[in-house]
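Residue numbering restarts at 1 for every chain, and letters A, B, ... go by the order of the sequence lines.
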Number of protein chains: 2
Amino acid sequence: MSAPRTARERARAELTDEIKAAARRQLESSGAESLSLRAISRELGMVSSALYRYFPSRDELLTALIIDAYNALGEAAEKAAQQEYPHPREAWIAVYAAVRDWSRANRHEYALIYGSPIAGYQAPQDTVQPAARVPLVLMRILSQAHAEGWLTELNAPEPTGRLAEQVDVLAGLAPGVPKWMLLRLAIAWTQLFGMISFELFGQLVGSMDPADDFFAETSRQMAAYVGIS
Amino acid sequence: MSAPRTARERARAELTDEIKAAARRQLESSGAESLSLRAISRELGMVSSALYRYFPSRDELLTALIIDAYNALGEAAEKAAQQEYPHPREAWIAVYAAVRDWSRANRHEYALIYGSPIAGYQAPQDTVQPAARVPLVLMRILSQAHAEGWLTELNAPEPTGRLAEQVDVLAGLAPGVPKWMLLRLAIAWTQLFGMISFELFGQLVGSMDPADDFFAETSRQMAAYVGIS
DNA sequence: TCACAATAGAGAGCACTGCTCTCGCAAACC
DNA sequence: GGTTTGCGAGAGCAGTGCTCTCTATTGTGA
């Protein structure tokens, strides 16, 4: 993140961005499967072998795009959460909508991160943190709603056994929020992306497509489900 | 589905199956992206151009595999539902488990049908019916549970507007089941596959992975959510 | 039964891919 | 100013999907 010093370093950073931009452009028009390094190099007016000075392989380029996509989506969600809302339910719903809007506007990038993993799947370690941004936003809403006393006390059973241990990890990030609530948050999280994947990947055709109303109603129901009164 | 007559027709049907079997084998080892017609033809001891007598393109082969995968998964779900259960909740949970088990045992085929759609996405019309088998199984459980009086009467609001129309389509297949219940079924359906996709695609690493307990508890909660008392 | 038509596989070839290697040129550093 | 480092060009390899032509085999109607 430090500013590049020499002309060479600056040129390198710029070209790296240009390559990613061209890749993203090509992605929008034809999907990840047919993303071609040679086509990118042609678009940039350079020879294909030169591209390997910037990305050691096609998979590395894709991994870079994946991280960027996670961050762009996370940023959209965080931006939506930063607004002022009269009730945490509205914040919850706004984040849902922001996630869906970004996904619909960048469906190929969405497919890149939430679709089938690419063949030589890269070390996911670099992607773990950016991938956590959306669930963290939802968790923060819950945490804040708890602090402000907005949460209902359903008498849902507390998780036990190994599940309790797993939920405990989340609890460290949202102190005070009941465990059953964090468990339900995880369930809602998987539901959110399942629903968006179904919409984007054509699984809703013939039933809930177009999905606007289905999505809106579901985000309301899920807010209630996790305990936002 | 009629029995092949001539020797040529029989040979054709057999070779078609062998090609799909080889493709499936190759799929398991390296994923859909790197599925190669030439590698398949090599494995079968024929020249690659001969393969085009059976499948006009790579995408057509993939489409055939997709349909087979939908049917295999649907069959697994139906088989689980056919058992006798003392309570519809158990049937619901068994179907959830069957879907997950099949998906874990055939993760590349799962990715083929629930991951990102392939580039030149084939006319989905042929896939619509086999794809509907799993949700239909869940719907039948709900329908039967309703007939036997197992369903709770939550005072959930009925869907309105366009959402009501979409739910009406489902209602035609499950007469008597309240609309809010069918809506929740759709939500549970997206949750189920969102959860499985997250597990198989590595999205749960660092939180709910391994997902056995999370999955089991979620299937219980979702049964309650759709109104199975 | 036999000629004709339909079908299957072989082989060569085209345009494309990711990736490697070597070779010069230019910028950065001491 | 000389040396090291980084960068782009170009050729080349092994692989891909797919098309076309040619030949052999199988099925069928007169």
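Candidate nucleotides D:dC18, D:dG8, C:dG11 were compared by shortest atom distance to the side chain of B:Leu37, and D:dC18 ranks first. The side chain of A:Tyr52 lies closest to C:dG18 when the candidates are D:dC18, C:dG11, C:dG18.
Ion pairing between B:Arg162 and B:Glu165 fails under the 4.0 Å rule for side-chain N and carboxylate O. Salt bridge annotation for B:Glu33-A:Arg58: present, with a cationic side-chain nitrogen under 4.0 angstrom from a carboxylate oxygen. Look at A:Asp212 and A:Arg100 and you find a salt bridge, because one of the NZ, NE, NH1 or NH2 atoms lies within 4.0 Å of a carboxylate O, short of that distance.
Contact annotation: A:Arg12 side-chain N/O to D:dG6 OP1/OP2 distance is not under 4.0 Å. In terms of phosphate contacts, A:Ser36 brings a side-chain nitrogen or oxygen within less than 4.0 Å of OP1 or OP2 of C:dG18. Listed pair A:Arg42 / C:dT17 meets the phosphate criterion, a side-chain N or O lying under 4.0 Å from OP1 or OP2. The side chain of B:Tyr54 contributes an N or O atom lying less than 4.0 Å from OP1 or OP2 of C:dG9.
Fit an axis to the five pairs at each end of the helix from C:dT1-D:dA30 to C:dC30-D:dG1 and the two axes sit 10° apart, to the nearest 10 degrees.
A:Arg53 contributes no side-chain N or O that forms a donor-acceptor pair with the base of D:dG6 under 3.5 Å. One N or O donor and one acceptor, one from the side chain of B:Arg38 and one from the base of D:dG17, sit under 3.5 Å apart.
Residue A:Ala39 is the one, among A:Ala39 and A:Pro56, whose nearest nucleotide of DNA chain C lies closer to the 5' end (criterion: closest heavy atom).
In this structure, A:Leu15 reaches the sugar-phosphate backbone alone: every heavy-atom distance under 4.0 Å involves primed, P, OP1 or OP2 atoms, never a base.
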Within the 4.0 Å limit for protein heavy atoms, which parts of nucleotides 24-30 of chain D are touched? Write it as a string from 5' to 3', B for base, S for sugar-phosphate only, - for none. -BBS---
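Between the side chains of A:Tyr110 and B:Ser116, no donor N or O sits under 3.5 Å from an acceptor N or O.
Following rounding to the nearest Å, A:Leu35 (CG) and C:dG18 (P) show an atom-to-atom distance of 8 Å.
Taking the ring centre of A:Tyr54 as origin, the terminal cationic atom of A:Arg12 falls inside the region bounded by 6.0 Å and 45° from the ring axis.
A donor-acceptor contact shorter than 3.5 Å is absent between the side chain of A:Thr127 and the backbone of A:Ile67.
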